[in-house]
Amino acid sequence: CRCTIVRDTSDFDSVIAGTAAGLLTRKGNDQPDSNPITDRELQDASEWFTSTGGLIITDDESVRMLDYFGIEASAHDGYAISLRPNPNRAAVYEELYHAKQYRDGIITDAGESRLKAEIMTQHYLLDNAKMLKLSDYEIMVTRKALNDWEADLNEFYNKNGISNRWQYGH
């Protein structure tokens, strides 16, 4: 680890800095440009997450679910995350961030709050890419995901006739 792990969820940024967080398909770790999280980093992240009531699931049933949806990882709520064995670091940090969003009440539905949360998470990953040691490929995928989630949110607003539109950072 690069710093002490903070066990208090109110200081999530320090936790992520210490352990290095949407359903987004990410390239598998067998590709040369993926950046799997080390066993130690995953262990540290798991210790923080489980010490605050979370469960990281990597069993065969969880992998079948991830395969079914064609995704790398999934935060089911604030306390359960499914990961593939040897997950890439972007997927781990993305889902940890989503779990925190669930806990903080940011994600409340599968509609607007989920889309906003995806946008916030992509910004977090991009803003902290160096600290999280994201590969160039992971950064590229995250930028694409950000553009896709922003387009999805605009489509949601258009479909529902919403004119007062949320924008990240405003």
Side-chain angles (χ1 to χ4, degrees), residues 9-17 19-29 31-37 41-42 45 48-49 54 56-57 62 65-84 87-170:
T9 59
S10 66
D11 195 5
F12 186 72
D13 288 340
S14 295
V15 172
I16 292 298
T19 60
L23 304 178
L24 173 65
T25 302
R26 295 196 181 270
K27 195 169 187 175
N29 293 326
Q31 301 301 320
D33 47 7
S34 70
N35 194 13
I37 193 167
E41 289 167 327
L42 183 57
W48 164 80
F49 189 63
I56 294 182
I57 310 162
S62 184
M65 182 272 304
L66 296 171
D67 286 344
Y68 177 80
F69 289 107
I71 55 177
E72 179 75 16
S74 177
H76 305 288
D77 56 31
Y79 296 93
I81 295 173
S82 288
L83 296 176
R84 294 183 179 281
N88 71 51
R89 62 183 54 253
V92 171
Y93 299 132
E94 180 173 349
E95 300 315 320
L96 284 170
Y97 200 83
H98 283 322
K100 177 74 168 114
Q101 290 172 318
Y102 275 113
R103 290 181 184 192
D104 290 345
I106 293 169
I107 300 174
T108 59
D109 59 43
E112 183 181 21
S113 76
R114 180 64 181 189
L115 295 169
K116 288 178 183 179
E118 291 289 357
I119 292 166
M120 287 184 257
T121 301
Q122 304 315 306
H123 276 285
Y124 179 82
L125 292 173
L126 291 170
D127 292 346
N128 295 284
K130 185 175 182 177
M131 175 185 68
L132 300 174
K133 300 182 200 173
L134 300 185
S135 68
D136 290 342
Y137 176 79
E138 289 169 312
I139 292 168
M140 180 196 68
V141 168
T142 303
R143 283 188 182 126
K144 181 184 180 327
L146 175 59
N147 291 333
D148 291 346
W149 289 120
E150 288 174 335
D152 289 349
L153 182 60
N154 281 327
E155 182 180 327
F156 173 85
Y157 286 145
N158 290 338
K159 180 179 175 184
N160 293 289
I162 299 171
S163 59
N164 187 11
R165 298 173 181 227
W166 173 86
Q167 290 183 344
Y168 178 78
H170 292 99

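Residue numbers run from 1 in the order of the sequence given.
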Between the CD atom in Glu112 and the CG atom in Asn160, the distance rounded to the nearest 0.5 Å is 8.5 Å
Do you know the tightest heavy-atom contact between Phe49 and Ala99?
CE1-CB, 3.7 Å
Do the side chains of Ile106 and Tyr97 get nearer than 4.5 Å, heavy atoms only?
no
Does a side chain donor of either Gln101 or His98 reach within less than 3.5 Å of an acceptor in the other side chain?
yes
Do Asn158 and Arg165 have side-chain heavy atoms sitting under 4.5 Å apart?
yes
Considering all heavy atoms of both residues, which atom of Thr142 and which atom of Leu126 are nearest to each other, and what is their separation?
CG2-CG, 3.7 Å
Go through it in stages, so that I can follow the logic: the residues are Lys159 and Glu155, the test is salt bridge (charged side-chain N to carboxylate O under 4.0 Å, His left out), and I'd like the CA-CA distance, side-chain angles, deciding distance and then a yes or no.
CA-CA 6 Å; Lys159 180 179 175 184; Glu155 182 180 327; over 6 Å; no
Rounded to the nearest 0.5 Å, what's the gap from CD1 on Ile107 to CG on Asp77? Could you check?
10.0 Å
Do the side chain of Asn128 and the main chain of Met131 share a donor and acceptor less than 3.5 angstrom apart?
no
Over all heavy atoms of both residues, which pair between Leu83 and Ser62 is shortest? Give the atoms and the distance, please.
N-OG, 4.3 Å
Would a distance-only check, ignoring hydrogens and angles, find a side-chain to backbone donor-acceptor pair under 3.5 Å from Asn88 to Ala90?
yes
Can you check side chain to side chain contact (heavy atoms under 4.5 Å, CB included) on Trp166 and Ile119, steps first, answer last?
CA-CA 11 Å; Trp166 173 86; Ile119 292 166; 4.0 Å; yes
Heavy-atom check, side chain of Tyr79 versus side chain of Arg103, under 4.5 Å:
yes
Under 3.5 Å, side chain of Ser113 to main-chain N/O of Thr108, donor-acceptor pair present?
yes
Run Tyr157 and Leu115 through side chain to side chain contact (heavy atoms under 4.5 Å, CB included) and show every step you take.
CA-CA 11 Å; Tyr157 286 145; Leu115 295 169; over 6 Å; no
Measuring from atom OH of Tyr168 to atom OH of Tyr124, what distance do you get when rounded to the nearest 0.5 angstrom?
10.5 Å
Which heavy atom of Ser74 sits nearest to which heavy atom of Ile71, and what is that distance?
CB-CD1, 3.8 Å
d(Thr121 OG1, Lys100 NZ) to nearest 0.5 Å is 12.0 Å
Nearest heavy-atom approach of Leu153 to Lys116 is CD2-CG, 4.4 Å
Any chance you could lay out the salt bridge (charged side-chain N to carboxylate O under 4.0 Å, His left out) test for Glu138 and Arg89, step after step, and finish with the verdict?
CA-CA 9 Å; Glu138 289 169 312; Arg89 62 183 54 253; 5.1 Å; no
Rounded to the nearest 0.5 angstrom, the CD-CD distance for Gln167 and Glu150 is 9.0 Å
Glu95 and Ala73: which non-hydrogen atoms are nearest, and at how many Å?
CG-CB, 3.5 Å
Please determine whether side chain to side chain contact (heavy atoms under 4.5 Å, CB included) holds for the pair Lys133 and Ile37, giving the CA-CA distance in whole Å, both sets of side-chain angles, and the decisive distance to 0.1 Å.
CA-CA 9 Å; Lys133 300 182 200 173; Ile37 193 167; over 6 Å; no
